**Q** 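Quick one: this structure, given as structure tokens, is what I'll be asking you about.
As the structure lists them, so they are numbered: ligands from 1, and atoms in each ligand from 1. The shown structure was predicted, so the numbers you read here are calculated from the model rather than taken from an experiment.
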Amino acid sequence: MKHAFSLAALAALVSAGTITKRQAAGVTDVGILNYALTLEHLEDKFYREGLANYTQAEFIAAGFADPFYDNLKEISFDETTHVSFLSTALGAAAVEECTYSFPSTDPKSFVALASVLEGVGVSAYLGAAASIANKAYLTDAGSILTVESRHSSYIRAALDQSPFPQPFDDPLDFDEVYTLAAGFIVSCPSANTAKPMLPLKAFPSVALGTSGTIVSGQTITLETLGYVLQAADENTPIYAAFITVTGPIYSDAMAIEGGFTTVVPNGVNGQSYVVLTACKDRITDDTVAAGPAIVEVTNAYPSVFA
Ligand SMILES: *[C@@H]1O[C@H](CO)[C@@H](O)[C@H](O)[C@H]1NC(C)=O
């Protein structure tokens with residue numbers, strides 16, 4: 001009942017095209033819903049493709065014992081339902097599914113990528129929350145966020161990672177999320193360009209160049225593949241800013257061939273996000289130079305929160 005009411009309220013507000021003064025330029029609730037739908041389409045297609053690619057027996061052989069496969073189907077169903085919920089609410093304004101390229105090639109790499117996507121989904125909803133003007137949308141988005149975070153915990157546990165590696169999740173802003181999502185999007189239907197959307201831009205991408213277990217205090221490599229990131233002048237330092245809910249944690253970035261090295265600070269754990277910046281007082285779309293890169297930090301329990 002509540003669900004149906006909420007959906008009707010959503011649809012009414014979408015058709016009214018509500019825009020409030022609280023929102024930043026170009027940011028509307030309808031745009032945010034389409035941003036959420038963009039991510040849900042990606043996740044939905046990812047799970048449908050993975051379930052079509054790999055059999056239950058192959059998941060078991062890869063170490064994911066039952067009921068993992070059934071739970072994966074449940075997750076896939078959840079994502080499909082999120083897509084239809086948002087699409088119904090948005091009506092003609094809803095963006096359509098794009099075509100994607102996922103780098104997973106077997107059950108193991110599929111589950112690893114699922115974990116990354118769920119983590120990004122959680123950070124995306126969390127980061128969008130403060131920009132949502134209408135409270136009815138906020139509850140709807142929150143009810144998706146909590147489910148995505150349970151997906152994330154379940155999959156992390158299946159990968160022998162801590163299901164809840166830190167007391168706070170990291171919020172990502174629209175462009176930071178889009179930068180990560182854009183890496184999987186090959187092309188979108190031309191009809192999407194006419195739909196109300198946030199003014200999204202992708203930053204130059206940054207890839208983690210360090211393999212194996214990563215802990216706070218460790219030096220890692222951040223690769224700027226295909227481009228050279230330089231500050232305005234050689235006296236301006238570049239920082240690696242690790243995003244947290246209480247603000248970025250800065251770490252000096254040292255230029256090397258093909259990118260930078262930096263030391264993973266205390267205060268991050270689990271799926272963490274790092275951007276490159278030449279500014280040490282704030283991280284906004286105007287100060288991010290490149291990234292985020294995703295860094296899985298595996299500090300010993302209890303986490304390092306100095
Ligand atoms: C499914 O298999 C195809 C063909 O090998 C591959 O291109 C695609 O990335 C796979 N998708 C997933 C989600 O693993």
Side-chain angles (χ1 to χ4, degrees), residues 34-87 94-125 144-145 147-161 163 172 176-189 192 200 202 205-209 211-212 223 225-226 270-271 273 292-296:
N34 256 337
Y35 161 81
L37 180 55
T38 300
L39 301 176
E40 295 291 350
H41 272 311
L42 190 152
E43 287 186 302
D44 176 38
K45 181 67 185 192
F46 171 73
Y47 284 107
R48 282 189 288 117
E49 216 177 89
L51 284 165
N53 276 5
Y54 319 115
T55 64
Q56 181 170 17
E58 285 171 327
F59 278 106
I60 292 170
F64 302 104
D66 280 344
F68 185 82
Y69 187 76
D70 280 345
N71 281 325
L72 214 49
K73 287 201 283 191
E74 178 67 39
I75 293 174
S76 180
F77 170 78
D78 291 349
E79 307 301 359
T80 302
T81 308
H82 293 163
V83 166
S84 58
F85 175 76
L86 292 168
S87 298
V95 289
E96 290 160 27
E97 184 177 291
C98 300
T99 56
Y100 311 92
S101 170
F102 300 112
S104 52
T105 49
D106 55 28
K108 187 102 198 174
S109 57
F110 170 77
V111 178
L113 183 52
S115 183
V116 168
L117 293 180
E118 294 290 353
V120 171
V122 167
S123 293
Y125 277 96
I144 295 177
L145 164 60
V147 171
E148 301 290 3
S149 79
R150 266 178 270 162
H151 293 168
S152 169
S153 295
Y154 179 77
I155 295 171
R156 288 181 59 87
L159 290 166
D160 287 328
Q161 296 173 326
L172 291 177
E176 289 160 355
V177 170
Y178 185 64
T179 301
L180 295 171
F184 302 109
I185 297 175
V186 176
S187 67
C188 295
N192 280 3
L200 298 172
S205 62
V206 179
L208 178 65
S211 56
E223 296 172 343
L225 295 171
Q271 184 161 310
Y273 308 94
I294 296 176
V295 184
E296 177 66 34

**Q** Is it the case that the ring center of F102 lies less than 6.0 angstrom away from the ring center of F46?
**A**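 Yes, close enough.
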**Q** Using 0.5 Å steps for rounding, measure from the CD atom of E296 to the CZ atom of R156.
**A**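 One gets 4.0 Å once the value is rounded to the nearest 0.5 Å.
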**Q** Say whether H41 and E96, considering side chains only, have a donor N or O and an acceptor N or O under 3.5 Å apart.
**A** no
**Q** Do the rings of Y154 and F68 sit parallel, tilted or perpendicular, given the 30° and 60° boundaries?
**A** parallel
**Q** Any donor and acceptor pair, going by atom type alone, linking the side chain of Y100 with main-chain N or O of C98 inside 3.5 Å?
**A**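 Flag set: sc Y100 to bb C98 pair under 3.5 Å.
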**Q** Starting from the N and O atoms of ligand 1, collect every protein N/O partner closer than 3.5 Å and put each pair on its own line with the distance to 0.1 Å.
**A**
residue  : atom   : partner : partner atom : Å
ligand 1 : 2 (O)  : N53     : OD1          : 3.1
ligand 1 : 2 (O)  : N53     : ND2          : 2.2
ligand 1 : 9 (O)  : F102    : O            : 2.8
ligand 1 : 11 (N) : E49     : OE1          : 2.7
ligand 1 : 11 (N) : N53     : ND2          : 3.0
ligand 1 : 14 (O) : N53     : ND2          : 3.4
ligand 1 : 14 (O) : Y54     : OH           : 2.8
ligand 1 : 14 (O) : S104    : OG           : 2.6

**Q** Indicate yes or no: at least one non-hydrogen side-chain atom of V206 is less than 4.5 angstrom from one of E223.
**A**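 Counting from C-beta outward, V206 and E223 never come under 4.5 Å.
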